[in-house]
Amino acid sequence: MQNTGRHSYESEGFRAHDYLTRGDEGRWKYKASKLTSVLAEEDVKWKTARTTVTVRTITISVAPKQLTFDFSPRVEEEGGERPLTLARLEEAANKGNDRAFVSILSEVQWQNWPSSDFVRVLKLSLKAGAHKAAQYIATEGVKHHPDSVELQRYAHLFAPPRIIARNLPPEPTLAANREWLKNHRHEYSGLWVAIRNGELLGTASSLEELVSQVGSTENVLLTKA
Amino acid sequence: MLLRYAHGKSFADGAAEYNTIPGYQLSDLIVIAVQLGDIPQVKMTEAAVDTSGPYLICTREIALQAGLKLEGELFEVLIGKTLVKGSIERIGLKILADIDKGHTFSIVVWAFVPERFEDLKRGEKPPSYLGWTGCLDSFRFAVDPLQNTFYFE
């Protein structure tokens with residue numbers, strides 16, 4: 001229906017109203033009136049048809065997770081990462097790579113490691129050439145397994161060197177022995193020699209034989225010429 | 001004259017002159033007189049200063065004479081680039097001072113005794129070596145190559 005101004009006879013709506021209300025029964029009267037009254041009374045404006053799309057928004061909150069830089073396959077077994085760590089330590093030990101060994105060792109969390117694994121890692125450290133690490137491993141082992149006799153033995157063995165005494169008397173025969181060796185060592189090359197205060201006491205092909213030959217070894221220098 | 005810090009405190013209380021022995025690689029070794037073991041089995045012998053290696057390393061002969069039992073388990077130990085099997089025990093070590101050069105010094109260190117000393121490819125002259133880890137790293141020492149003198153704590 002064409003949009004026309006209000007109260008205009010020229011509008012189709014008005015003429016439709018006029019026709020319908022003149023009907024005998026007037027049965028169109030209300031409906032027509034309603035229609036035309038709506039048309040007449042309202043400022044009818046054309047509206048743009050729109051398609052409404054309802055979008056359901058889902059919000060997901062995820063805490064950022066720090067990725068590791070370890071791209072090696074992760075083996076999830078009983079004991080967590082311990083089997084993988086042991087494998088890496090063994091690999092470093094087999095390659096004699098003490099730096100890699102110590103680097104891996106520094107990341108180890110010792111909780112729940114059995115005493116047997118402490119022993120195994122200690123022996124691997126010696127094989128890797130990471131000798132100082134043996135002391136650390138033995139100490140940690142005893143800390144976690146204070147009742148382990150084996151780990152106590154290793155902790156004692158690899159305890160730090162211990163100063164026993166200072167200010168002990170000097171050895172008066174050193175200079176004379178040095179002088180004899182400088183002058184005569186080459187004459188007995190390959191043999192064990194016994195020297196006291198610059199004097200040769202005996203020679204032998206084995207140390208055991210030399211000691212039995214010399215008797216008392218007090219203040220006697222025993223060395224290989 | 002022994003070594004002191006600028007403020008007068010002693011750096012080294014003992015000193016001894018050393019001999020050098022041409023080594024198997026035509027290099028001279030710093031060789032000093034030491035005592036190994038504990039009374040009554042203590043033995044005086046020669047030892048080379050070797051900061052490149054670990055432990056006090058000695059031949060089985062000298063270790064047994066110095067009182068080590070060598071009955072415990074054998075370890076596989078990397079010495080330099082060589083994997084060597086041997087015993088590890090603690091041993092008494094005395095660094096002996098010359099008569100006019102202060103005092104002798106006594107310490108218990110880690111000893112490694114190879115099953116076969118020849119596996120180290122060092123020869124048996126001298127029959128023992130003072131290495132870094134577990135031995136030399138436990139006390140102050142210095143070398144004066146102009147006077148062929150080894151200073152120690």
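Quick caveat, the model's predicted, so the values are computed rather than measured. Chain naming here is simple, since letters A, B, ... match the order of the sequence lines and numbering starts at 1 in each.
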Shorter than 4.5 Å, heavy atoms on both sides: which option in [options] has the most such pairs with chain A?
options	value
B:I107, B:T104, B:I99	B:T104
B:T59, B:I95, B:I62, B:L93	B:I62
B:F105, B:W110, B:F139	B:W110
B:M44, B:E89, B:E153	B:M44
B:V84, B:L64, B:V42, B:D98	B:D98
B:P54, B:A33, B:A16	B:P54

Report which part of [X] has an atom under 4.5 Å of a heavy atom belonging to chain B: side chain, backbone, both, or neither.
X	value
A:V220	backbone
A:T223	both
A:P160	backbone
A:A225	backbone
A:S206	both
A:A93	neither

Self-check item: Distance-minimising heavy-atom pair for A:E208 and B:Q65
Solution: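 Smallest heavy-atom distance, with atoms named: CA-NE2, 3.8 Å.
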
Measure distances from [X] to the heavy atoms of chain A and classify the residue's part below 4.5 Å as side chain, backbone, both or neither.
X	answer
B:K94	side chain
B:T133	side chain
B:Y55	side chain
B:I88	both

Self-check item: Within the 6.0 Å centroid threshold, strictly below: B:F152 and B:F141
Solution: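 For B:F152 and B:F141, the ring centres are not under 6.0 Å apart.
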
Quiz item: Picking from A:A175, A:G190, A:S189, A:P169, which has the most non-hydrogen pairs under 4.5 angstrom with chain B?
Solution: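 Of A:A175, A:G190, A:S189, A:P169, A:P169 has the most heavy-atom pairs under 4.5 Å with chain B.
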
Exercise. Name the option with the most non-hydrogen atom pairs under 4.5 Å to chain B; the candidates are A:G96, A:G129, A:A134, A:A165.
Key: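 Going by pairs under 4.5 Å, I would pick A:A165.
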
Do any N or O atoms from the side chain of [X] and from the backbone of [Y] form a donor-acceptor pair under 3.5 angstrom?
X	Y	result
A:T139	A:Q135	yes
A:R196	A:E218	yes
A:T203	A:V193	no
B:E17	B:Q147	no

Quiz item: So, B:D13 and A:R166, do they make that salt bridge, N to O below 4.0 Å?
Solution: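 Looking at A:R166 together with B:D13, the answer is no, because their closest N to O distance does not fall below 4.0 Å.
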
Quiz item: What is the ring orientation for A:W113 with A:W110, classed by angle as parallel under 30°, tilted 30 to 60°, or perpendicular over 60°?
Solution: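 Because their plane-to-plane angle is over 60°, the rings of A:W113 and A:W110 count as perpendicular.
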
Practice problem: Assess whether atom CD of A:E187 is packed by more than 12 heavy atoms of other residues, nucleotides or ligands within 6.0 Å. | Solution: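 Correct, the count exceeds 12.
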
Quiz prompt | Enclosure of A:N183 CG (heavy-atom neighbours >12, cutoff 6.0 Å) | solution =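 More than 12 heavy atoms, drawn from other residues, nucleotides or ligands, come within 6.0 Å of this atom.
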
Quiz item: Is it true that the side chains of B:E61 and A:W192 contain a donor and an acceptor less than 3.5 Å apart?
Solution: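 Judged by distance alone, the side chains do pair up.
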
